[in-house]
Colleague: 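The structure under discussion is supplied below as structure tokens; questions concerning it will follow.
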Amino acid sequence: MSSRGGSDDEDEGTTRKKLRLSKEQSALLEESFKEHSTLNPKQKNALAKQLGLRPRQVEVWFQNRRARTKLKQTEVDCELLKRCYESLKEENRRLQKELLELRAIKVAPPCVISHDYYMPLPAATLTMCPSCERVATVDNRSLTFAKPGFSHLSQSSAAC
DNA sequence: AATGGAAAGTGGTTTACTTCA
DNA sequence: ACTGAAGTAAACCACTTTCCA
């Protein structure tokens with residue numbers, strides 16, 4: 001690894017001061033990064049020549065730039081996951097509440113149907129999808145799931 | 001004087017290539 | 001001639017250090 005340890009960085013004799021890239025240099029590097037986030041040796045050398053920098057400096061700039069991009073993306077992903085978590089927490093709260101209500105309905109005395117007297121069934125009874133183990137509400141004629149996303153269940157069988 | 005951010009250093013991993021038994 | 005192991009260089013990445021505004 002020839003470029004390790006700055007052996008090709010020797011310049012101006014004694015202590016090498018850290019260089020701050022000019023606006024023009026940064027702009028050109030940014031422009032180049034937009035086109036391709038990695039450089040082949042030919043592109044790197046050409047860009048270095050154009051900028052008046054050492055190829056190693058161009059290489060380092062691209063490495064740091066990729067790292068910054070990744071960091072930014074990670075932060076965005078983190079925010080997204082936070083929001084997703086909050087949303088799921090809220091939905092879980094709501095479903096737990098719904099489950100309690102449905103259990104209460106299930107525990108209530110069964111309906112009686114006599115010849116001259118019809119007592120309607122409760123609006124829904126509780127069942128569990130055996131495949132995905134989600135709770136579903138079922139009435140006489142059709143299967144009605146509490147949440148969207150249960151469409152994978154057919155009406156004829158309460159299984160996924 | 002303290003600090004954030006960017007340039008540069010360091011060490012580890014991967015990949016492509018060469019050499020040699 | 002073919003093949004697999006070993007060595008090497010280059011490039012990348014993650015992490016860290018240095019230094020300037």
Side-chain angles (χ1 to χ4, degrees), chain A residues 1-106 124-138 142-160:
Chain A
M1 215 178 263
S2 65
S3 62
R4 277 271 173 88
S7 60
D8 61 343
D9 293 352
E10 307 311 332
D11 59 356
E12 293 98 48
T14 57
T15 50
R16 183 176 51 78
K17 289 290 170 192
K18 192 182 275 185
L19 156 105
R20 207 78 189 177
L21 299 176
S22 69
K23 275 185 181 174
E24 291 74 22
Q25 285 172 322
S26 295
L28 191 52
L29 284 162
E30 279 292 347
E31 209 171 295
S32 181
F33 186 81
K34 270 181 202 163
E35 283 180 38
H36 25 239
S37 61
T38 55
L39 295 174
N40 62 39
K42 221 175 185 177
Q43 292 171 322
K44 182 170 71 180
N45 286 325
L47 193 54
K49 197 172 178 184
Q50 193 178 352
L51 291 162
L53 296 171
R54 293 181 295 278
R56 168 69 182 158
Q57 287 178 293
V58 174
E59 184 184 315
V60 165
W61 187 92
F62 269 74
Q63 274 179 18
N64 287 325
R65 184 66 178 75
R66 282 193 293 270
R68 286 195 289 272
T69 301
K70 191 174 182 183
L71 179 64
K72 214 178 280 178
Q73 187 55 52
T74 302
E75 285 167 357
V76 168
D77 290 347
C78 185
E79 275 309 307
L80 211 65
L81 283 170
K82 272 187 200 165
R83 266 185 281 157
C84 190
Y85 167 70
E86 287 305 324
S87 159
L88 285 170
K89 210 163 76 174
E90 178 54 36
E91 189 182 357
N92 186 43
R93 239 196 313 268
R94 196 183 56 70
L95 288 172
Q96 290 288 346
K97 192 179 162 206
E98 192 177 317
L99 185 58
L100 284 178
E101 289 168 4
L102 291 169
R103 278 190 178 138
I105 292 170
K106 202 184 179 187
T125 53
L126 196 64
T127 188
M128 184 84 84
C129 169
S131 165
C132 69
E133 298 192 342
R134 289 190 191 183
V135 177
T137 56
V138 178
S142 65
L143 203 55
T144 310
F145 288 92
K147 283 292 293 175
F150 286 96
S151 53
H152 59 298
L153 287 168
S154 73
Q155 288 202 343
S156 55
S157 78
C160 299

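As the structure is a prediction and not an experimental result, all values here were calculated from the model.
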Colleague: What is the distance, rounded to the nearest whole Å, between atom CG of Asn40(A) and atom P of dA16(B)?
Modeller: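 Distance, rounded to whole Å: 15 Å.
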Colleague: dG4(B) P sits how many Å from Leu71(A) CG, rounded?
Modeller: 15 Å
Colleague: For dC13(C) and Arg66(A) - does any side-chain N or O of the residue sit under 4.0 Å from the phosphate oxygens OP1/OP2?
Modeller: yes
Colleague: On DNA chain B, check which nucleotide each of Arg68(A) and Gln63(A) is closest to and give me the residue with the more 5' one.
Modeller: Arg68(A)
Colleague: Heavy atoms from C-beta onward define the side chain here; which of dA7(B), dG9(B), dA11(C) lies closest to that of Arg56(A)?
Modeller: dG9(B)
Colleague: Please check this pair: side chain of Thr74(A) against backbone of Lys70(A), looking for a donor-acceptor N/O pair closer than 3.5 Å.
Modeller: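 Flag set: sc Thr74(A) to bb Lys70(A) pair under 3.5 Å.
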Colleague: For the residue pair Arg65(A) / Thr69(A), report whether a side-chain donor-acceptor contact shorter than 3.5 Å exists.
Modeller: yes
Colleague: Name all residues meeting the salt bridge (Lys or Arg N to Asp or Glu O under 4.0 Å) criterion together with Arg93(A); count only those two or more places apart in sequence or in a different chain, and write none if there are none.
Modeller: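 Glu90(A).
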Colleague: Specify the separation, in whole Å, of atom CD of Gln57(A) and atom P of dC19(C).
Modeller: 15 Å
Colleague: Drop me the distance from Trp61(A)'s CH2 to Gln25(A)'s CD, to the nearest 0.5 angstrom.
Modeller: 11.5 Å
Colleague: Would you say Val76(A) and Gln73(A) make side-chain contact, with heavy atoms under 4.5 Å?
Modeller: yes
Colleague: What residues in residues 24-33 of chain A put a non-hydrogen atom under 4.0 Å from any atom of DNA chain C?
Modeller: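 Contacts with DNA chain C under 4.0 Å: none.
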Colleague: Are the charged groups of Lys82(A) and Glu79(A) less than 4.0 angstrom apart, N to O?
Modeller: yes
Colleague: Mind calculating the distance between CH2 (Trp61(A)) and P (dC12(C)) to the nearest angstrom?
Modeller: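 Rounded to the whole Å, the gap is 14 Å.
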Colleague: Between Glu30(A) and Lys34(A), does at least one N-O distance fall below 4.0 Å, as a salt bridge requires?
Modeller: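 The answer is no: the pair does not qualify as a salt bridge.
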Colleague: Give the nucleotide from the list dA7(B), dC12(C), dA11(C) with an atom nearest to the side chain of Thr38(A).
Modeller: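 Shortest atom-to-atom distance from the side chain points to dC12(C).
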Colleague: Starting at atom CZ of Arg20(A), determine the distance to atom C1' of dC19(C), rounded to an integer number of angstrom.
Modeller: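 Going from Arg20(A) (CZ) to dC19(C) (C1'), I get 8 Å.
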Colleague: In whole angstroms, how far is the P atom of dA6(B) from the CG atom of Leu53(A)?
Modeller: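 Between P of dA6(B) and CG of Leu53(A): 17 Å.
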Colleague: Rounded to whole angstrom units, what separation is found between the CG atom of Leu39(A) and the P atom of dC13(C)?
Modeller: 12 Å
Colleague: Could you tell me the separation between the CG atom of Asn64(A) and the P atom of dC19(C), rounded to a whole number of Å?
Modeller: 16 Å
